[in-house]
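Only one structure is covered here, and it is reproduced in the block below.
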Number of protein chains: 2
Amino acid sequence: MSSLQLGDRPNTYPTRVVATRRLGTETSETRAGLLDATEQLMLDSGYAAVSSRRVAAVAGVRPALVHYYFRTMDDLFLATFRRRAEEAFAHQQRALRSTQPLWALWEVSRDPRGSVLTMEFAALANHRPAIRAEISAAAERVRMQQVEVLTEVLAGHGVTVDDCPPVVAAVLIAGISVLLALEQGSLGMSTGHGETIAHVEGYLRRLEGERRVER
Amino acid sequence: MSSLQLGDRPNTYPTRVVATRRLGTETSETRAGLLDATEQLMLDSGYAAVSSRRVAAVAGVRPALVHYYFRTMDDLFLATFRRRAEEAFAHQQRALRSTQPLWALWEVSRDPRGSVLTMEFAALANHRPAIRAEISAAAERVRMQQVEVLTEVLAGHGVTVDDCPPVVAAVLIAGISVLLALEQGSLGMSTGHGETIAHVEGYLRRLEGERRVER
DNA sequence: GTCTATACTTCGATAGAC
DNA sequence: GTCTATCGAAGTATAGAC
């Protein structure tokens, strides 16, 4: 094995950024394909595997096109994140408005693709300041939306703030989801996962009853 | 900004691995310094920022020395992981044998350095098969040790398996720790963190009483 | 809109002097 | 044990032809 070539260079590349550069439109099919390729690479091999050459290869175009649509790699990452974040937010909103919001939130959170991308973007944010603020804001937005709904739903089931504050429920669900995805996806490990899922679902069942198929 | 140069190359480097290469001893001070540098880079900038040149720079030596002590970068990552994993395991063992094992386990798990490194190594494992098995085994070992002790401790406090199976408690503590570290460390976000910590510690207090300083 | 060609930087890894 | 020097590959980004 071997490899890995960086992650956080003091950018000394010939980035003159002439400001006169051309840029593709946001509605382009090709552009969307590049976002797809980026997402796929992040899922399969992690953010560090995303390079203009590889994205281009996966998308079936030449590397220079990547820079035609995205001035820098940071721009590419940001665009990929934005598209995904919007989808995820809308998806969660639908879940929270369903007839079994707790079950639905649990299922949405447990989607491993979402958890893996969340971790990858968080890792990316760790050393790319330009991306950090945006990811942070989106995560905050998602949690606040959960808290808003959970406050009402939990109260409706007689769960008091002393039992479990809504924001704590939100953190718990997120924490469990991330850990399971990390262990199963990255490490192929699953000790305790079944038991944990059963335990959570037992709790959901006591509150919202049996899960009714509407997935 | 810019940068990032890979993570998972189809190794086409001139890795002839002649097998006649020299290799430094495991007890070397310099070697330990290289492991320190690797760990620091991972904490500060993520695993993708670890390159032989950068490790050498942080350690204050020349890049070729990295390859004198570690044949490949994978070897360097593995050695860094092993050292850390042994420390962490011993640390946890001491905690679990203390007079307030639940409190101690919670505090050990909450060390953000540990959580961040855990995530970085998991991300690394995601696309470095050579490393994956070892990390997975270590994580499993840590969890099993927790379960062993938790089984006795929880039963002693009258917590039945129906209330909360020991392995579920272990997963919950790990999940919360990882999420808090990820959000606070990588994203600078802390919504709900204080409430969650208070909630967990309220639970610990009911089981083991007030935390007695022995940290 | 897409491509070829190219500039420049960094990477992993090795050979061989000291 | 540590260094200099070097190879070959891959990275970001740009210019300019088509």
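Below, chain A is the first sequence line, B the second, and so on; all start at residue 1. Hydrogens, waters and symmetry mates play no part in the numbers below; they use all other heavy atoms, side chains included.
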Measure the distance from [atom1] on [X] to [atom2] on [N] and round it to the nearest whole Å.
X	N	atom1	atom2	result
Phe70(B)	dT2(D)	CZ	P	12 Å
Asp74(B)	dA13(C)	CG	C1'	13 Å
Leu34(A)	dT12(D)	CG	C1'	15 Å
Tyr47(B)	dC11(C)	OH	P	15 Å
Arg31(A)	dT2(C)	CZ	C1'	17 Å
Leu23(B)	dA15(C)	CG	C1'	15 Å
Met73(A)	dA13(D)	CE	P	7 Å

By side-chain hydrogen bond (donor to acceptor under 3.5 Å, both in side chains), which residues pair with [X], not counting sequence neighbours?
X	answer
Arg82(A)	Glu134(A)
Gln40(B)	Asp44(B)
Tyr69(A)	Ser28(A)

Which residues pass the side chain to side chain contact (heavy atoms under 4.5 Å, CB included) test with Arg97(B), not counting sequence neighbours?
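By the side chain to side chain contact (heavy atoms under 4.5 Å, CB included) rule, Arg97(B) matches Gln93(B).
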Approximate separation, where rounding is to 0.5 Å, of Tyr47(B) OH and His127(A) NE2:
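Between Tyr47(B) OH and His127(A) NE2, I get 8.0 Å after rounding to 0.5 Å.
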Using heavy atoms and a sub-4.0 Å distance, could you list which residues of residues 58-69 of chain B are near DNA chain D? By number, please.
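By residue number: Val61(B), Arg62(B), Ala64(B), Leu65(B), Tyr68(B), Tyr69(B).
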Base of dT2(D), side chain of Arg22(B) - is there a donor-acceptor contact under 3.5 Å?
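Such a pair exists between side chain and base.
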Quiz item: Arg71(A) side-chain donor-acceptor pair to dT12(D) base, under 3.5 Å:
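No, the side chain and the base share no sub-3.5 Å donor-acceptor pair.
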Can a cation-pi geometry be assigned to Arg128(B) and Phe77(B), taking NZ or CZ under 6.0 Å from the six-membered ring centre and within 45° of the ring axis?
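No - Arg128(B) does not lie over the ring of Phe77(B) by the 6.0 Å and 45° rule.
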So which one's nearest nucleotide on DNA chain D is more toward 5', Gly24(B) or Arg53(A)?
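Nearer the 5' end of the strand: Gly24(B).
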Please state whether the phosphate of [N], meaning OP1 or OP2, lies under 4.0 angstrom from any side-chain nitrogen or oxygen of [X].
X	N	value
Ser51(A)	dG11(D)	yes
Ser52(B)	dG12(C)	yes
Thr30(B)	dT2(D)	yes

Enumerate the salt bridge (charged side-chain N to carboxylate O under 4.0 Å, His left out) contacts for residues 175-199 of chain B, please, sequence neighbours excluded, ordered by first and then second residue.
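Passing the test, one end in residues 175-199 of chain B: Arg143(A)-Glu183(B).
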